[in-house]
Trainee: 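Take this structure, written in structure tokens, and hold onto it; I'll ask about it next.
Along the sequence shown, the residues carry numbers beginning at 1.
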Amino acid sequence: MKLTHWLAGMACAMTIAGTVQADPIKDAVANEKRTEKYTQRDQYRHPAETLEFFQIKPDMTVVEIWPGGGWYTEILSPLLSDEGKLYAAHFPKDTDVGYFKRSRENFEKWLAEEKDTHGHIVLTEFAPGKDTEIAPAGSADAVLTFRNVHNWMRGDNEAAAFKSFYKALKPGGVLGVVEHRAKPGTERDAMKTSGYMTQDYVVELATKAGFVLEEASEVNANPKDSADHPKGVWTLPPSLRLGDEDKDKYQAIGESDRMTLRFRKPKS
């Protein structure tokens, strides 16, 4: 009888443990409202593993930098909707860049159409080198940027970008960076044109802004990627800038080799 009671107790404990150990990140990734063409890229972008590595929790205040079409926003939004807060620091509204303008307008339209689901998102803007507030100073638990640093390098604004992230974060806050990875020793001009950046340079940028590198992950690594292609990183999926030329070759490689870095703003 005692054994029966013990087994029943263990079963109950396992059930309770199963409830307690529910994974909110994986639930957000599995969200059925995600765009189908976005979910097809999970095999390359590893969203659950990436957000777990960045230590994102449902009660955090998170800033997503340049969310574009909302690939990660569709995951972060339900993850943070109940207990947390999400700032989407998009392209500036008064931009003269056609792509930026269209992307921002499409994002605003999506927010309006999905207001019941994503109405809690706070839309801000980010223009590195300009006085834009991505979130109130010292308010964010985490700032996340996915494949953006090379864009700021083109305007020589990458250092200013990291300073903005530092300003928005609380002491002890996390900066999560995913970026296309160049071979060590790649020159600046090559990084500008290819879209690939050396990991050492990204770490240097963050360190100079005041961050401490806490850990690097290979979760988004792709050893098949040589990082040396005719149209830079845009040769590979999903862009496939060469069209049908060697398409099968580049699809077999998959998306780019990427560094995944977690930095910390010191507590003091």
Trainee: Just jot down the side chain to side chain contact (heavy atoms under 4.5 Å, CB included) partners of Lys192, sequence neighbours excluded, or say none.
Mentor: Met153, Asp156, Arg188
Trainee: Mind telling me whether Phe146 and Phe54 have parallel, tilted or perpendicular rings, with 30° and 60° as the class edges?
Mentor: tilted
Trainee: For Ala160, is there any backbone N or O sitting under 3.5 Å from a side-chain donor or acceptor partner on Ser164?
Mentor: yes
Trainee: Using side-chain heavy atoms (C-beta onward) and a distance below 4.5 Å, is Thr95 in contact with Arg104?
Mentor: no
Trainee: Taking C-beta and beyond as the side chain, do Leu79 and Ile56 meet within less than 4.5 Å on heavy atoms?
Mentor: yes
Trainee: Taking a hydrophobic cluster as the set of Ile, Leu, Val, Met, Phe, Trp and Tyr residues connected by side-chain heavy atoms closer than 4.5 Å, whether directly or through intermediates, do Leu205 and Val212 fall within one such cluster?
Mentor: no
Trainee: Please identify each residue that fulfils ring-ring contact (aromatic ring centres under 6.0 Å, His included) with Phe211, with sequence neighbours left out.
Mentor: Tyr166
Trainee: Does this structure show an ion pair linking Glu204 with Lys208, if we count only N-O contacts that are shorter than 4.0 Å?
Mentor: yes
Trainee: What's the separation between atom NZ in Lys224 and atom OG in Ser256, rounded to the nearest 0.5 Å?
Mentor: 14.0 Å
Trainee: Within this structure, what is the CD1-CZ distance for the pair Ile75 and Arg45, rounded to the nearest 0.5 Å?
Mentor: 8.0 Å
Trainee: Enter the distance from Asn31:CG to Glu74:CD here, rounded to the nearest 0.5 Å.
Mentor: 7.5 Å
Trainee: Is the shortest side-chain heavy-atom distance between Val203 and Thr207 below 4.5 Å?
Mentor: yes
Trainee: For atom CD of Gln43, is the number of surrounding heavy atoms from other residues, nucleotides or ligands below 6.0 Å larger than 12?
Mentor: yes
Trainee: Going from OH on Tyr250 to CG on Asp225, what distance comes out if it is rounded to the nearest 0.5 angstrom?
Mentor: 10.5 Å
Trainee: Can you tell me if Thr145 and Asn148 form a side-chain donor-acceptor pair at under 3.5 Å?
Mentor: yes
Trainee: Are the side chains of Asp82 and Pro58 in touch, meaning some heavy atoms are under 4.5 Å apart?
Mentor: no
Trainee: Between Asp200 and Arg181, is there a side-chain N and carboxylate O pair less than 4.0 Å apart?
Mentor: no
Trainee: Is it the case that one hydrophobic cluster holds both Leu169 and Val62, taking links as side-chain heavy atoms less than 4.5 Å apart, direct or via other members?
Mentor: no
Trainee: Go through the structure and list residues passing ring-ring contact (aromatic ring centres under 6.0 Å, His included) with Phe162, not counting sequence neighbours.
Mentor: Phe165
Trainee: Quick one: list whatever passes ring-ring contact (aromatic ring centres under 6.0 Å, His included) with His118, sequence neighbours left out.
Mentor: Trp110
Trainee: Can you tell me if NZ on Lys170 sees more than 12 non-hydrogen neighbours from other groups inside 6.0 Å?
Mentor: yes
Trainee: When you compare the side chains of Ser77 and His120, does any donor N or O come within less than 3.5 Å of an acceptor on the partner?
Mentor: yes
Trainee: I'd like to know if Arg147 pairs up with Glu255 as an ion pair, taking the criterion as any Lys NZ or Arg NE/NH1/NH2 lying under 4.0 Å from an Asp or Glu carboxylate oxygen.
Mentor: no
Trainee: Hey, is Lys57 close enough to Glu83 for a salt bridge, meaning N to O under 4.0 Å?
Mentor: no
Trainee: Decide yes or no for Thr132 and Pro92: does some side-chain heavy atom of the first lie under 4.5 Å from some side-chain heavy atom of the second?
Mentor: no
Trainee: List in chain and number order the residues that pass side chain to side chain donor-acceptor pair (under 3.5 Å) with Glu214, two or more places apart in sequence or in another chain; answer none if no residue qualifies.
Mentor: Arg262, Arg264
Trainee: Enter the distance from Ile253:CD1 to Thr235:OG1 here, rounded to the nearest 0.5 Å.
Mentor: 9.0 Å
Trainee: Are Phe100 and Trp66, when compared by the centres of their aromatic rings, separated by less than 6.0 Å?
Mentor: yes
Trainee: Would you please name every residue forming a salt bridge (Lys or Arg N to Asp or Glu O under 4.0 Å) with Lys33, sequence neighbours left out?
Mentor: Glu114
Trainee: For the residue pair His180 and His150, categorise the inter-ring angle as parallel (less than 30°), tilted (30 to 60°) or perpendicular (more than 60°).
Mentor: tilted
Trainee: Once rounded to the nearest 0.5 Å, what's the spacing between atom CG of Leu240 and atom NZ of Lys231?
Mentor: 13.0 Å
